[in-house]
Each structure stands twice: as structure tokens, then as C-alpha cells.
Enquirer: 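Following this message is one structure expressed as C-alpha cells.
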Amino acid sequence: GQSLEQPSEVTAVEGAIVQINCTYQTSGFYGLSWYQQHDGGAPTFLSYNALDGLEETGRFSSFLSRSDSYGYLLLQELQMKDSASYFCAVSPNSGGYQKVTFGTGTKLQVIP
Amino acid sequence: DVKVTQSSRYLVKRTGEKVFLECVQDMDHENMFWYRQDPGLGLRLIYFSYDVKMKEKGDIPEGYSVSREKKERFSLILESASTNQTSMYLCASSFGRPYSGNTIYFGEGSWLTVV
């Protein structure tokens, strides 16, 4: 089975950098994804790490270390609009890749 | 842009009623999903379908059923609604590409209250 742990809440200042961690216990997966969800909205895809290391997409970066069962999402130059919930997710490589498991989510509050 | 459309944004139903939640996607995706989202529990998979008339149980299928008669449409059915099914329900779809991340596209959600 899959289990992904995230901090429930994080607060950071506008313009700063924040890291949202995701630790997991899983029997095997294709890669680690991150999704963003604003209050009342749909989750939207942010990034995907198939391999260990850092993936950068603009102000957002995501990191994966399979040996440490750990990943994180890094948000730089924080803006007020980044206030949202962030979910990590894995797609298992057995038993059906469609059975994506999501973490419990981290609510990020950006303050002025 | 991929669009996943859920027919009802807000519903209020009585205990014991049969409830249908409808979802349509416009990108010819093979996979469609129904998730339930509750505070502190994240997104939990109820059912998914990888082809027309095919369905697989997710992590919390009890009390739910699904129907996929056409590729673009996936319905969630609550045979006899109960108060513990009060939640937000998210429909989603994806291409069948596990090696490239299986990006999931979500609808806006349906808020169901069972009284």
C-alpha cells in the first residue's frame, strides 16, 4: 500500500521561499507528482519527478529521493496567489497505475 | 485545455435517496476517476475506470457504484445516501501514460450534503 505524509499547515512571507515536504511509505511507484488546489477550486497539476533529483518549472521546483523515501516542493518568490493547498501523489507500479494515492495535503498561507 | 465538467456543483439530498453525480471529459482520456475529499483526509479514490464499461474499486468503494457507458462520461451513484457521505466529490480523467506521470485533470467538484 501507499502512505504519504505532509505537514498540515505552513505559513510563509510574501517574497520568501518555502519548502513543503512529503515523506512516504510505498511498495513502489512510477514517480512523485504535486498538485495545487485553491479554496473552492479543482486540484491542478504542478510537477512530476520520475527520477531522483530536482525538477524546475519557473518559481516552483520539486525534488525526489527514493533512497530517503522523501520529496519536497519548493516555492520561490512567494506571491499571495500561492496561498493554496498542495498535495503530493504517487502512481503505483503494481496493482494498477491508475490507483494514485494522494497525501493529506499542506495548506500554505502566504502573509504580507 | 482539458475540461472535466461535473453536472452539479451543490446538492442537498435526504438520507436514503439515490444520488447520481455525472461527469464528462472532452479530451478522449482512457481513465476516469471519482475521488472524495474531506478535511484532513486528502483525496481518497472511490472508483476508477480505464475503459468503457470497465471499472475498478479504489480505496473506499463501499456505498458507491459507478457507470461508464460512453468514453467521455463517468457517473457516480450513491444507492442509498447516508449522512457520512456528506463530502466534496471530485471527478477526474487522465491519459493512459503511467511512465510520464499520469497527470490527472480534475473537475470543479460537487458538494453533496445528505440530511
Side-chain angles (χ1 to χ4, degrees), chain A residues 1-9 20 22-24 26-51 55 57 60 62 64 71 73 84-107, chain B residues 1-6 9-10 23-25 27 29-51 54-61 66 68 74 88-111:
Chain A
Q2 324 283 349
S3 171
L4 296 94
E5 297 289 330
Q6 300 179 238
S8 58
E9 294 182 358
I20 298 173
C22 174
T23 56
Y24 58 83
T26 175
S27 53
F29 61 96
Y30 287 108
L32 185 72
S33 300
W34 287 91
Y35 288 79
Q36 178 192 59
Q37 184 182 29
H38 288 100
D39 282 348
T44 56
F45 173 80
L46 284 178
S47 69
Y48 174 70
N49 291 72
L51 305 174
E55 292 284 341
T57 308
F60 293 1
S62 56
L64 174 62
L73 180 69
S85 293
Y86 293 84
F87 296 88
C88 57
V90 294
S91 183
N93 57 17
S94 65
Y97 72 90
Q98 300 96 331
K99 296 186 81 169
V100 175
T101 297
F102 285 82
T104 50
T106 299
K107 190 172 180 70
Chain B
D1 278 353
V2 174
K3 193 162 181 65
V4 179
T5 304
Q6 297 183 228
R9 189 88 166 109
Y10 301 97
C23 175
V24 176
Q25 52 95 1
M27 280 300 291
H29 284 171
E30 290 89 345
N31 302 314
M32 294 191 74
F33 309 84
W34 277 104
Y35 285 88
R36 171 176 172 163
Q37 185 171 22
D38 299 288
L41 298 177
L43 287 78
R44 294 180 291 166
L45 182 63
I46 304 171
Y47 268 96
F48 71 92
S49 168
Y50 54 89
D51 201 353
M54 305 305 289
K55 61 185 179 183
E56 292 283 344
K57 292 180 180 179
D59 299 317
I60 52 165
V66 290
R68 192 167 182 199
F74 194 37
M88 179 158 74
Y89 292 87
L90 287 161
C91 178
S93 69
S94 76
F95 284 114
R97 296 173 185 167
Y99 292 99
S100 61
N102 187 36
T103 301
I104 298 176
Y105 299 87
F106 287 88
E108 293 291 322
S110 298
W111 291 89

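Just so it is clear: chains get the letters A, B, ... in the order the sequence lines come, proteins before strands, and each one is counted from 1.
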Enquirer: Is B:L45 close to chain A through its backbone or its side chain, or both, or neither, when contacts mean heavy atoms under 4.5 Å?
Expert: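 Only the side chain of B:L45 comes within 4.5 Å of chain A.
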Enquirer: Less than 4.5 Å to any heavy atom of chain B: does that hold for the side chain of A:Q37, its backbone, both, or neither?
Expert: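 A:Q37 touches chain B through side-chain heavy atoms alone.
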Enquirer: What part of A:V100 gets closer than 4.5 Å to chain B, counting heavy atoms only: side chain, backbone, both or neither?
Expert: both
Enquirer: Quick one: does B:I104's side chain get under 4.5 Å of A:Y35's, heavy atoms only?
Expert: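 With C-beta onward as the side chain, the pair touches.
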Enquirer: Which heavy atom of B:G40 sits nearest to which heavy atom of A:T104, and what is that distance?
Expert: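 Closest approach of B:G40 to A:T104: O-CG2, 3.8 Å.
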Enquirer: Minimum heavy-atom separation for A:A42 to B:G107, with atom names?
Expert: CB-O, 3.0 Å
Enquirer: Step by step, would you call B:Q37 with A:F87 a side chain to side chain contact (heavy atoms under 4.5 Å, CB included)?
Expert: CA-CA 12 Å; B:Q37 185 171 22; A:F87 296 88; 3.4 Å; yes
